[in-house]
Amino acid sequence: MGYIPIIIVLVLVLAVIAAIYCGVTYIRRKTREVSRALFGTPDISKAAQQMRQEYSTTPKSVSSMTRLLLPQIISDFPDFVYDEMKEKAENVLTDYLRAITERNPALLRDGNTELKNHLENYIQMLSARELHEHFEKIKLHRTEISQYKKTEGRCIITFQSALECYHYVTNAADSTVVQEGSKEYKYQTRYNTDLIYIQDRNLVENELDNALGVNCPNCGAPLTSLGAKVCEYCGTPIIEINIHAWSFSNIDEVK
């Protein structure tokens, strides 16, 4: 009689093992079926690789408000040339990322003092942490106006760009040691680039770049009106210098 409880326990253990085996087998079968249905292959590891490859080649969507906001901007600034400013925004963004890659702030040719200081501080921070951030083979898919803000003393147009590149971070002393990102898969992301117009310097606090203000070339008086055609003090035409009131002030990645 002493053997019966042992047999019962063994039977129960075998039953549990059988149930687990059946459960695992069922899950594997269902996983393969789902993987085949979604990715055309029952191999989940290949499916994951395929999914990563697809993600790395699919551009991000951008917040496109150009058709809505551009008429407002043109109304405020009749001489604003959208195509020219969009191209400048893309060039500034590309130069900014190249400057990080080359660890050379001088590669950012455009932009105000605030943006250049931010870039230099970021490169110094990476250096202090003995890191080297890379943005290789940069390609811009699309750029649109995503926001137009008017506050006291300034106007800000935000361009949003869908961008792809090979993005990775290595040890500063050994570029073969990748600590983040990938050299094999492209990185799809979005960046906001802010274009700023100083409308009235007296209303702007803590402004870092004096070059952002626009003054009359004849009498030196500040130009405080949006898209002013003439100096309100001496009447000198200033249409041709309005373009120089714009400056790029900030670049941020949109997660």
Side-chain angles (χ1 to χ4, degrees), residues 48-66 82-147 156-196 208-209 211-212 246-255:
Q49 184 178 6
Q50 182 178 331
M51 186 175 180
R52 185 175 183 184
Q53 180 66 33
E54 182 177 349
Y55 177 81
S56 71
T57 56
T58 304
K60 294 280 190 177
S61 61
V62 297
S63 175
S64 177
M65 299 293 290
T66 303
Y82 169 69
D83 290 336
E84 178 182 346
M85 285 303 190
K86 182 176 76 169
E87 182 179 358
K88 284 179 175 288
E90 292 179 338
N91 290 339
V92 167
L93 174 57
T94 302
D95 287 346
Y96 185 88
L97 299 180
R98 284 182 57 245
I100 294 175
T101 302
E102 300 296 330
R103 294 177 283 189
N104 181 7
L107 293 179
L108 180 61
R109 296 164 294 181
D110 206 345
N112 64 14
T113 301
E114 182 179 1
L115 180 60
K116 291 179 178 179
N117 285 345
H118 182 272
L119 171 63
E120 187 170 353
N121 290 337
Y122 184 74
I123 293 175
Q124 290 176 354
M125 180 274 292
L126 289 173
S127 178
R129 296 172 58 187
E130 298 184 348
L131 297 175
H132 183 189
E133 189 168 8
H134 304 256
F135 297 88
E136 307 287 353
K137 296 185 179 180
I138 298 170
K139 179 180 179 180
L140 291 168
H141 293 287
R142 184 181 181 188
T143 298
E144 299 284 351
I145 295 174
S146 66
Q147 194 173 40
I156 301 175
I157 299 173
T158 300
F159 289 93
Q160 188 168 107
S161 300
L163 176 150
E164 79 172 30
C165 63
Y166 290 96
H167 175 238
Y168 55 96
V169 179
T170 64
N171 182 283
D174 185 355
S175 61
T176 64
V177 181
V178 177
Q179 300 189 8
E180 182 181 337
S182 172
K183 291 184 178 183
E184 300 176 5
Y185 293 95
K186 293 179 181 178
Y187 178 62
Q188 302 288 343
T189 187
R190 294 171 295 176
Y191 276 90
N192 283 344
T193 304
D194 289 342
L195 179 64
I196 187 172
L208 297 177
D209 192 351
L212 283 174
W246 294 100
S247 181
F248 294 97
S249 65
N250 187 59
I251 292 176
D252 281 319
E253 185 175 11
V254 182
K255 296 293 188 178

- Under 6.0 Å from the CD atom of Glu130, do we count more than 12 heavy atoms belonging to anything else shown? no
- Query: Would a 4.5 Å heavy-atom cut-off, applied to side chains only, mark Glu114 and Asn250 as touching?
  - Reply: no
- Does a sphere of radius 6.0 Å around CD in Glu87 hold more than 12 heavy atoms from other residues, nucleotides or ligands, not counting ones at 6.0 Å or beyond? no
- Note on the structure: So OH of Tyr187 and OH of Tyr168: to nearest 0.5 Å the spacing works out to 15.0 Å
- Query: Does the side chain of Met85 reach to within under 4.5 Å of the side chain of Phe159, using non-hydrogen atoms?
  - Reply: yes
- Taking the side chain as every heavy atom from C-beta outward, state whether Leu163 and Leu93 have any atom pair closer than 4.5 Å. yes
- How long is the gap from OG1 on Thr58 to NE2 on His141, to the nearest 0.5 Å? 9.0 Å
- Show your working on side-chain contact (heavy atoms from CB on, under 4.5 Å) between Gln147 and Ile156 and close with a plain yes or no. CA-CA 8 Å; Gln147 194 173 40; Ile156 301 175; over 6 Å; no
- Check the pair Trp246, Lys88 against side-chain contact (heavy atoms from CB on, under 4.5 Å), reporting the backbone distance first and the verdict last. CA-CA 11 Å; Trp246 294 100; Lys88 284 179 175 288; over 6 Å; no
- Verify the distance criterion only: is there a donor paired with an acceptor across the side chains of Thr170 and His134 at less than 3.5 Å? yes
- Query: Around Lys183, counting heavy atoms of other residues, nucleotides and ligands shown, do more than 12 lie under 6.0 Å from its NZ?
  - Reply: yes
- Query: Do Glu180 and His167 pass the side-chain hydrogen bond (donor to acceptor under 3.5 Å, both in side chains) test, and can you show the C-alpha distance, the side-chain angles, and the key distance before you say yes or no?
  - Reply: CA-CA 8 Å; Glu180 182 181 337; His167 175 238; 5.6 Å; no
- Query: So do Leu97 and Cys165 actually touch side chain to side chain, heavy atoms under 4.5 Å?
  - Reply: no
- Message: Tell me the closest heavy-atom pair linking Ser61 and Arg190, and the distance in Å.
- Response: O-CD, 2.7 Å
- Query: For the atom pair CD1 (Ile157) and OH (Tyr82), what is the distance rounded to the nearest 0.5 Å?
  - Reply: 10.5 Å
- Would you kindly say whether Glu164 and Gln188 are connected by a side-chain donor-acceptor distance under 3.5 Å? yes
- Item | Rounded distance (nearest 0.5 Å) linking atom CG of Asp194 with atom CD1 of Ile251 | 9.0 Å
- Task: Could you check if a side-chain atom of Asp95 sits within less than 4.5 angstrom of a side-chain atom of Asp110, using non-hydrogen atoms only?
- Result: no
- How long is the gap from OH on Tyr122 to CD1 on Ile100, to the nearest 0.5 Å? 5.5 Å
- Task: Check Gly111 against Ser247 and note the closest heavy-atom contact, atom names and distance.
- Result: C-OG, 3.9 Å
- Item | Which atom of Glu184 lies closest to which atom of Tyr166, heavy atoms considered | O-CE2, 3.6 Å
- Message: Just to verify, which of Thr189, Thr143, Thr193 counts as forming a side-chain hydrogen bond (donor to acceptor under 3.5 Å, both in side chains) with Ser161?
- Response: Thr143
- Heavy-atom closest pair, residues Ala99 and Ile123: O-CD1, 3.6 Å
- Message: Would you say that Gln160 contacts Tyr191 through its side chain, given a criterion of any heavy-atom pair below 4.5 Å between the two side chains?
- Response: no
- Message: Ignoring hydrogens, what is the shortest heavy-atom contact between Val92 and Leu108? Give both atom names and the distance.
- Response: O-CD1, 3.8 Å
- Is a side-chain donor or acceptor of Thr94 paired with a backbone partner of Glu90 at a separation under 3.5 angstrom? yes
- Answer yes or no: is there a donor N or O on one side and an acceptor on the other, between the side chain of His132 and the main chain of Thr101, under 3.5 Å? yes
